[in-house]
Amino acid sequence: MPPLLSSKSRHNRHEPTLAYPVIGSARVVLLLLLVIMAAGLYVRLDNFSYWLENKNLYFSPADDIPLPQNVDIFYYLDIAKDFLDGDIAKYDLQRQAPSSYKRPLSLPLLSLFLALGSKLSGKPLEWVAVFLPPFLGVLLAVPVFFLAFSLFSTSRLAASPEKISPHAAIGGLAAALFVLLSPLFTERSSIGWCDTDVLNTALLCSLTLIALRCSLARERRPLAFYLVGYTLLSAFFFLWWDM
């Protein structure tokens with residue numbers, strides 16, 4: 001697989017380096033990307049203090065459990081609960097009365113994530129549903145960074161790898177920062193809003209990145225690697241979206 005980041009200088013415009021005084025090294029870029037993701041995570045978790053100050057609005061009075069803020073998540077919570085209980089009913093008697101809703105044969109991946117999170121943490125499913133979105137949401141920074149980095153690196157401005165590399169890295173970091181601080185995406189990936197939307201954008205950006213790298217591949221082996229990765233990620237995306 002051709003590296004996207006390298007600490008050594010190369011003279012191939014499709015494999016730019018980060019060995020430039022403005023950036024320093026790939027480790028510095030990685031550190032800055034992690035800082036951006038940490039900032040995005042903080043923004044998404046910051047509202048929980050308000051939840052604690054207003055428990056009558058955000059917590060169940062019966063068992064003091066936080067309540068997710070969107071409607072669709074309760075469908076996935078029911079399936080996750082049945083999965084943990086070891087008994088997934090073929091029909092959901094609580095939906096589409098009077099005939100009831102026939103559940104799909106495959107287990108929704110979001111329900112699986114919720115069940116695994118509850119099993120590993122020992123917390124109720126509702127707690128996992130409230131806190132899972134921020135951690136999934138900040139993953140968008142990774143494909144967006146590499147997508148912007150690749151676009152900058154392969155642009156017509158990349159006449160000299162030593163000059164374009166820092167610009168590509170800065171462009172990728174800026175793209176990651178702005179996408180994580182986007183008001184609409186921040187709202188849809190903050191605590192309490194748990195849905196498949198939180199990961200859809202990251203998966204689509206990842207598919208776009210792989211398609212771009214595939215178009216730049218000049219040898220069969222990396223091309224085959226990208227095609228296999230694109231196929232597997234596409235299958236995961238359709239399973240995750242659950243449409």
Side-chain angles (χ1 to χ4, degrees), residues 33-34 36-52 54-55 57-90 92 94-95 101 103-144 176 179-180 184-207 232-243:
L33 182 59
L34 291 176
I36 290 174
M37 294 176 68
L41 186 62
Y42 172 80
V43 170
R44 286 159 174 77
L45 294 174
D46 184 52
N47 287 339
F48 191 63
S49 59
Y50 183 79
W51 284 40
L52 295 176
N54 299 271
K55 282 194 169 185
L57 299 177
Y58 297 98
F59 283 74
S60 170
D63 44 22
D64 200 35
I65 289 180
L67 300 175
Q69 300 301 297
N70 60 313
V71 178
D72 292 347
I73 186 56
F74 293 99
Y75 163 76
Y76 296 102
L77 284 173
D78 287 344
I79 297 179
K81 183 179 183 302
D82 290 347
F83 176 74
L84 290 176
D85 293 339
D87 182 20
I88 301 180
K90 186 177 181 180
D92 189 341
Q94 301 182 25
R95 292 172 175 85
Y101 172 71
R103 287 174 171 170
L105 297 177
S106 60
L107 181 70
L109 290 182
L110 180 54
S111 296
L112 181 60
F113 276 41
L114 293 171
L116 292 178
S118 177
K119 189 72 173 180
L120 294 175
S121 65
K123 297 292 185 179
L125 289 167
E126 290 80 3
W127 278 99
V128 180
V130 166
F131 282 97
L132 182 62
F135 291 94
L136 294 181
V138 297
L139 295 179
L140 177 60
V142 178
V144 166
V179 76
L180 287 191
L184 180 59
F185 181 67
T186 298
E187 179 184 356
R188 296 298 293 267
S189 57
S190 293
I191 59 169
W193 193 280
C194 190
D195 200 354
T196 56
D197 295 345
V198 70
L199 202 56
N200 284 347
T201 308
L203 293 173
L204 287 173
C205 286
S206 298
L207 289 171
L232 294 177
L233 191 59
S234 296
F236 180 86
F237 169 66
F238 285 111
L239 289 173
W240 169 265
W241 196 11
D242 190 38
M243 292 296 292

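The analysis underlying the following values was restricted to heavy atoms, covering all of them including side chains, and did not include hydrogens, waters or symmetry mates.
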Can you name the residues that form a salt bridge (charged side-chain N to carboxylate O under 4.0 Å, His left out) with D46, not counting sequence neighbours? none
Who passes side-chain contact (heavy atoms from CB on, under 4.5 Å) against [X], sequence neighbours left out?
{"X": "L233", "value": "L203, S206, L207, I210"}
{"X": "F238", "value": "none"}
{"X": "T196", "value": "Y76, L110, N200, W240, W241"}
{"X": "N54", "value": "Y50, N56, L57, Y58"}

Between atom [atom1] of [X] and atom [atom2] of [Y], what is the distance when rounded to the nearest 0.5 Å?
{"X": "S111", "Y": "I73", "atom1": "OG", "atom2": "CD1", "value": "7.0 Å"}
{"X": "L125", "Y": "D78", "atom1": "CG", "atom2": "CG", "value": "9.5 Å"}
{"X": "K55", "Y": "L67", "atom1": "NZ", "atom2": "CG", "value": "12.0 Å"}
{"X": "F83", "Y": "K119", "atom1": "CZ", "atom2": "NZ", "value": "9.5 Å"}
{"X": "W127", "Y": "I65", "atom1": "CH2", "atom2": "CD1", "value": "8.5 Å"}
{"X": "N47", "Y": "Q69", "atom1": "CG", "atom2": "CD", "value": "10.0 Å"}

Between L109 and L199, is a side-chain contact (heavy atoms from CB on, under 4.5 Å) present by the stated rule, with each step listed? CA-CA 11 Å; L109 290 182; L199 202 56; over 6 Å; no
For a side-chain contact (heavy atoms from CB on, under 4.5 Å) check, start with the C-alpha distance between R44 and L180, then their side-chain angles and the critical distance, and finish with the verdict. CA-CA 10 Å; R44 286 159 174 77; L180 287 191; 4.2 Å; yes
Just so I know, are the side chains of P68 and L77 near enough to count as touching, which here means a heavy-atom distance under 4.5 Å? yes
Is there side-chain contact between L114 and C194, with heavy atoms separated by less than 4.5 Å? yes
Yes or no on side-chain contact (heavy atoms from CB on, under 4.5 Å) for T201 and V179, after CA distance, side-chain angles and deciding distance? CA-CA 10 Å; T201 308; V179 76; 5.8 Å; no
For K123, is there any backbone N or O sitting under 3.5 Å from a side-chain donor or acceptor partner on S118? yes
Begin with the C-alpha distance, continue with both residues' side-chain angles, and end with the deciding distance and a verdict on side-chain contact (heavy atoms from CB on, under 4.5 Å) for N70 and R188. CA-CA 10 Å; N70 60 313; R188 296 298 293 267; over 6 Å; no
Quick one: list whatever passes ring pair (Phe, Tyr, Trp, His ring centres under 6.0 Å) with F48, sequence neighbours left out. F131
